[in-house]
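The block underneath contains the structure these notes are about, expressed in structure tokens.
Just so it is clear, the structure is predicted and the values come from calculations on it, not from any experiment. Indexing begins at 1, ligand by ligand and atom by atom, following the structure's order.
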Amino acid sequence: MTKSAEMSSETPVRLPVIDSSKQDLKPGSADWELVKVQVRQALQEYGCFEALFDKVLELGKPLIGALEELFDLPLQTKTRYVSEKVFRGYYGPKAPLHESMVIDEANVAENVEQRLTNILWPQGNSSFSETLLSFSSLASGLEKTIRRMILESFGLEKYMDKHMESTNYILRVMKYEGPHTSEPTIGARAHSDQNMVTLLHQNEVNGLEIQTKDGEWINVKPSPASFIVMIGESLSVWLNGRLPSPYHRVMITGNKARYSSGLFATTKGGYKVKVPEELVDEENPLLFKPFDYEEFLEFYSTEAARGALGSGLKAYCSV
Ligand SMILES: O=C(O)CCC(=O)C(=O)O
Ligand SMILES: [Fe+2]
């Protein structure tokens, strides 16, 4: 672990950076077609890229302020936030570093307000709700653009409405305590995301690392005006393996806390994720069976299943 962390600090490889802020980024425009090609290339190679998106810059400060306010609450307040669904609610503090809160349908105002904010602040906290909502709607808007580009790049845009109708935007906000050492310390173990597409934004404390096809770890140093965009296993499966979902981890050093926010586009329960017939032929046999993401999560939530499945979703639904 230490060895590869050292290697990563020396590697000059950088994630592709794609300007996604252009005013007229409308389907069919020249800019759209250009960005679409860049997105497809980056995802093919890394399953991931840095999307410059000016509008997120001004949200940075209020967002980090909201996360500080949230994680500074007493533990007995934070643990009031629970959910009957797996992988939602409050997690932590996990030794030694990590806490997080996860909420469903984070782009829906009433949901954020009633299910999260009012539980933590019974007297209300509208600026907190508004800040989280602004982040979720900005990120989900960009996610839609990117999803459309990906689908178009495979000639599969006719599935776009179905994709959007079945999407649940989950927000996960995270705090990693600084370990007070210059030795890289694990904040999040190496994993690939199991959902469709992930968009990440962080404060100035770096730590995210992405593994390349060659097994090298890239240190991600995002601009404050960007999102890191990553393909999850669900989309990789839907595309019959055509795009990779990258392995990544978080390594923390130093004294400052790292805050990050992730918008996870997932598939609602009751919808099957099924490889489109256009991607299956003699040369490309069907690799994955249709699955329900929420059923998968239920199954995956037990320690034993995680051990048995190893790589997660792909093992669960492989033909
Ligand atoms: O904190 C980050 O930047 C990444 C977190 C992550 O990989 C995850 O929540 O799946
Ligand atoms: Fe992740």
Side-chain angles (χ1 to χ4, degrees), residues 5 8 15 43 46-51 53 56 60 63-64 66-68 70-71 86-94 96-104 106 132 135-136 139 143 168-179 184-212 217-237 243-254 256-266 293 296-297 300-301 306 310-314:
S8 68
L15 270 190
L43 291 178
Y46 298 99
C48 184
F49 63 92
E50 180 178 345
F53 202 64
V56 75
L63 182 61
I64 300 311
L67 299 197
E68 282 170 349
L70 172 69
F71 289 114
V86 291
F87 298 119
R88 279 79 158 187
Y90 173 70
Y91 284 85
K94 289 237 176 85
L97 284 172
H98 194 199
E99 283 180 273
S100 68
M101 292 245 184
V102 185
I103 180 155
D104 268 340
L132 256 57
F135 176 79
S136 303
E143 197 280 333
N168 170 15
Y169 285 108
I170 294 183
L171 176 65
R172 176 161 191 220
V173 290
M174 298 160 257
K175 176 181 182 183
Y176 305 82
E177 206 72 64
T185 306
I186 290 255
R189 277 181 299 166
H191 64 281
S192 53
D193 290 353
Q194 308 293 308
N195 55 302
M196 282 277 175
V197 179
T198 304
L199 271 72
L200 295 166
H201 187 73
Q202 60 165 74
N203 68 348
E204 74 283 8
V205 182
N206 293 324
L208 178 65
E209 300 184 1
I210 310 263
Q211 197 172 45
T212 65
W217 289 99
I218 304 179
N219 286 322
V220 181
K221 297 174 179 159
S223 139
S226 71
F227 289 101
I228 298 300
V229 179
M230 231 185 265
I231 296 293
E233 298 285 9
S234 289
L235 187 54
S236 182
V237 163
L243 294 178
S245 165
Y247 223 46
H248 56 283
R249 66 184 184 193
V250 178
M251 303 293 286
I252 311 278
T253 54
K256 285 200 77 174
R258 176 169 193 270
Y259 289 94
S260 66
S261 309
L263 190 85
F264 296 81
T266 72
Y293 185 68
F296 161 71
L297 284 186
Y300 198 53
S301 65
R306 278 205 295 281
S311 60
L313 180 62
K314 280 186 175 150

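Here the closest heavy-atom approach between residue L63 and residue L132 is recorded as CD1-CD1, 4.5 Å. The heavy-atom pair separating A257 from K175 by the smallest distance is CB-CE, 3.9 Å. Minimum heavy-atom separation, M230 to C48: CG-SG, 3.9 Å.
N206 places none of its side-chain heavy atoms less than 4.5 Å from the side chain of N219.
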For ligand 1, what N or O to protein N or O distances fall under 3.5 Å?
residue: ligand 1; atom: 1 (O); partner: Y176; partner atom: OH; Å: 2.7
residue: ligand 1; atom: 1 (O); partner: R258; partner atom: NH1; Å: 2.9
residue: ligand 1; atom: 1 (O); partner: S260; partner atom: OG; Å: 2.7
residue: ligand 1; atom: 3 (O); partner: R258; partner atom: NH1; Å: 3.2
residue: ligand 1; atom: 3 (O); partner: R258; partner atom: NH2; Å: 3.0
residue: ligand 1; atom: 7 (O); partner: H191; partner atom: NE2; Å: 3.2
residue: ligand 1; atom: 7 (O); partner: H248; partner atom: NE2; Å: 3.0
residue: ligand 1; atom: 9 (O); partner: R172; partner atom: NH1; Å: 2.8
residue: ligand 1; atom: 10 (O); partner: H191; partner atom: NE2; Å: 3.1
residue: ligand 1; atom: 10 (O); partner: D193; partner atom: OD1; Å: 3.1

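Excluding waters, the set of protein N, O or S atoms lying under 2.8 Å from the Fe ion (ligand 2) comprises H191 NE2, D193 OD1, H248 NE2.
Note: F296 and Y293 have tilted aromatic rings, judged against thresholds of 30 and 60 degrees for the angle between ring planes.
In this structure, the ring-ring contact (aromatic ring centres under 6.0 Å, His included) partners of F135, at least two apart in sequence or on a different chain, are F227. Under the rule for a side-chain hydrogen bond (donor to acceptor under 3.5 Å, both in side chains), S261 has no partner lying at least two apart in sequence or in another chain.
Partner H248 forms a side-chain contact (heavy atoms from CB on, under 4.5 Å) with one of L200, I218, I228, I210 and no other, that one being I210.
Once rounded to the nearest 0.5 Å, the distance linking CZ of F264 with CZ of R172 reads 5.5 Å.
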